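Have a look at the structure below before the remarks.
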There are 2 protein chains.
Amino acid sequence: MYSQSEENYLKVIFTLQKAEEAPVNTNLIAEKLSTKASSVTDMIKKLSAKDLLSYKPYQGVKLTETGRSIALKVLRKHRLWEFFLVDKLHYKWDEVHEIAEQLEHVKSDSLIDKLDYFLGLPKYDPHGDPIPDKDGNFAGEELISLKNMEIGERGILKGLKDSSNVFLKYLDRKNMVIDDQIEVVDIEKFDQSVLIKTNWETFYISEQVAKNLLIKRMNDEL
Amino acid sequence: MYSQSEENYLKVIFTLQKAEEAPVNTNLIAEKLSTKASSVTDMIKKLSAKDLLSYKPYQGVKLTETGRSIALKVLRKHRLWEFFLVDKLHYKWDEVHEIAEQLEHVKSDSLIDKLDYFLGLPKYDPHGDPIPDKDGNFAGEELISLKNMEIGERGILKGLKDSSNVFLKYLDRKNMVIDDQIEVVDIEKFDQSVLIKTNWETFYISEQVAKNLLIKRMNDEL
DNA sequence: AATATTTTTTAGTCTTATCTAAATTTATTT
DNA sequence: AAATAAATTTAGATAAGACTAAAAAATATT
């Protein structure tokens, strides 16, 4: 069994590793965990001793297979609990992160699978992030940034690059939610802002927003 | 916010206090928590400093109103999660305790009320234990001896431990009847006699009398 | 290549919650 | 009432995880 702290480190390293595709460095981890670099070094040594990651001083870290599978399990729990909070308890999707951070550390072999089944084996959490299945496999799916879509293309909002609270609130104000269908109507050449059409309205979003919206193209299949 | 450990101590002390109707002693707590007496003493001091229980060395402990309300909140969470596990995830009732022990410490003001609502405001957990409601009221709130009330506490006279004729006549002379509201104004340290205030007068009763009066607490707050 | 800057690690300290062993207080027997 | 036993508290240690400040290594700049 691993401590909450260990699990959090593994989870954060996993997500950074995915984003960076390179050894993850100490400062980044410290920043994501709101802690200090020296604390990260301490924990890294501990995790390395347990063979959850490989580490050479000053060279950053990489998860081992074991470390990766633990991180995936934590991620699975986090996302399933988020789904539960939104789908069953009717939280808004920007309210659930903090609670899921706690729930993800509840230890029980059977619990998470029963929860999964109860929720109907969902494939995506409320932020559109894929939920790893029992065996650690993602619902592999190619999501592209809305910024990379052409005029006339359509797709479905499936995820966010930036899940910060400010951004979630912005989307809430715009009434945009996961699984919304979106069509690119026009792209302003001057500032790359994008005119999009949702099911209800047509409006402009800035380039920065467009970058952060992950879209599943409509000609793909589920 | 209180630590998991603090919450566990409060919860255990609360249940022991209910069972014992007397100051709860160190060894009992240690046994229930599978820890050592010395650890209990340490924690007791900490909780006492935070005014969650009253404690005099070698004399056992008693929860304060604040301590009691925290314990009740933890118990509420524990029992609601147990209900969830059995009713929604189809666990058997003898499998849920360990998991609920973890879930009960998840911190969120809104979570437990939303869960309560989602479950249909159940009154009893799968073991038949009553679930305290939002305001800390039990379905089957039990009665406590007036002797165990604190200065300033109020309650309603609901029963007698000793229903002998002499005692009934005594009450008659004092004009005390069932459903009288009673407030504990003071407790004389020398002989533990209690100054009480009824709707009509304020007077002293002996410790022996106090022991025999069964009170339903009025929960002014949680 | 030498210096400056940034990143990472080390050394030492702190807090929380636990423990063992010894000392003290309370309760029980004789 | 003295002696013994039981319960409780104190003193001192330990482990996890975090911190600050200083040292060491890697990177960037001139």
Side-chain angles (χ1 to χ4, degrees), chain A residues 1-13 16-17 19-20 22-63 67 70-71 74 101-102 104-107, chain B residues 1-13 16-17 19-20 22-63 67 70-71 74 101-102 104-107 189 192:
Chain A
M1 282 301 145
Y2 304 95
S3 70
Q4 294 202 183
S5 197
E6 290 172 322
E7 287 186 347
N8 280 332
Y9 274 89
L10 293 172
K11 185 184 61 174
V12 161
I13 292 167
L16 288 174
Q17 194 167 288
E20 303 285 310
V24 180
N25 46 309
T26 307
N27 266 353
L28 249 182
I29 300 171
E31 194 195 329
K32 284 282 174 189
L33 284 169
S34 308
T35 183
K36 294 298 155 74
S38 56
S39 310
V40 174
T41 303
D42 286 347
M43 181 58 89
I44 277 173
K45 284 181 184 166
K46 205 175 136 192
L47 296 175
S48 175
K50 293 187 179 183
D51 253 313
L52 301 175
L53 47 78
S54 57
Y55 158 68
K56 288 195 171 168
Y58 298 98
Q59 304 305 140
V61 301
K62 246 189 85 182
L63 294 183
I70 293 162
V74 177
E101 286 287 305
Q102 301 178 62
E104 75 189 7
H105 299 296
V106 171
K107 261 102 188 156
Chain B
M1 281 303 144
Y2 303 95
S3 72
Q4 295 204 181
S5 198
E6 290 172 322
E7 287 187 346
N8 280 332
Y9 273 88
L10 293 173
K11 187 184 59 175
V12 160
I13 292 167
L16 288 174
Q17 192 167 289
E20 302 286 310
V24 179
N25 48 308
T26 307
N27 266 352
L28 250 180
I29 301 170
E31 195 194 327
K32 284 280 173 190
L33 284 168
S34 308
T35 183
K36 294 299 154 77
S38 57
S39 309
V40 174
T41 303
D42 286 346
M43 181 56 90
I44 277 174
K45 284 182 186 166
K46 204 174 138 193
L47 296 174
S48 175
K50 292 188 180 182
D51 253 313
L52 300 176
L53 48 79
S54 58
Y55 158 68
K56 288 195 171 168
Y58 298 99
Q59 304 305 138
V61 301
K62 245 190 84 180
L63 295 182
I70 294 162
V74 178
E101 286 287 307
Q102 301 178 62
E104 75 189 5
H105 300 295
V106 172
K107 262 103 189 156
K189 284 180 197 99
Q192 306 295 313

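Labels below follow one simple rule: chain letters A, B, ... track the order of the sequence lines, proteins then strands, and each chain is numbered from 1. Everything numeric here is computed off the predicted structure, so don't read it as measured data.
Taking atom CD of A:Q4 as the reference point, atom C1' of D:dA16 lies 13 Å away to the nearest angstrom. Between B:Y58 atom OH and C:dT26 atom P the separation is 7 Å, expressed in whole Å. Distance, B:I29 CD1 to D:dT9 C1': 14 Å, rounded to whole Å. Taking atom CD1 of residue B:I44 and atom P of nucleotide D:dA7, one finds them 15 Å apart after rounding to whole Å. The separation between A:N25 atom CG and C:dT7 atom P is 8 Å, rounded to whole Å. For the pair B:M1 CE and C:dT16 P, the computed distance is 17 Å after rounding to whole Å.
Considering only side-chain N and O atoms, B:Y9 lies under 4.0 angstrom from the phosphate OP1 or OP2 of C:dT18. Between D:dT20 and A:K36, a contact under 4.0 Å exists linking OP1 or OP2 to a side-chain N or O. Between B:S39 and C:dC19 there is a side-chain polar atom (N or O) within less than 4.0 angstrom of OP1 or OP2. Between C:dT6 and A:N27, no contact under 4.0 Å exists linking OP1 or OP2 to a side-chain N or O. Between B:S5 and C:dT18, a side-chain N or O to OP1/OP2 separation shorter than 4.0 Å is present.
A residue-by-residue look at A:M43 and A:Q59 shows that A:M43 has its nearest nucleotide of DNA chain D further toward the 5' end.
Not counting sequence neighbours, the partners of A:S54 by the side-chain contact (heavy atoms from CB on, under 4.5 Å) test are A:K62. In this structure A:Q4 satisfies the side-chain contact (heavy atoms from CB on, under 4.5 Å) test together with A:H105, B:Q4, sequence neighbours excluded. For A:Q102, the side-chain contact (heavy atoms from CB on, under 4.5 Å) partners are B:V106, B:K107, not counting sequence neighbours. For B:K50, the salt bridge (Lys or Arg N to Asp or Glu O under 4.0 Å) criterion is met by B:E6, not counting sequence neighbours.
Scanning all heavy atoms of the two residues, the minimum distance from A:E101 to A:N8 falls at OE1-OD1, 4.2 Å.
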Going 5' to 3' through nucleotides 10-15 of chain C and flagging B where a protein heavy-atom sits under 4.0 Å of the base, S where only the sugar-phosphate is that close, and - otherwise, we get B-----
Please tabulate, for side-chain N and O atoms in residues 27-42 of chain A, each donor-acceptor pair with protein atoms closer than 3.5 Å (sequence neighbours left out).
{"from": "A:T41", "atom 1": "OG1", "to": "A:A37", "atom 2": "O", "distance (Å)": "3.2"}

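Looking only at distances, no side-chain donor or acceptor of A:E7 sits under 3.5 Å from a matching main-chain atom of A:V74.
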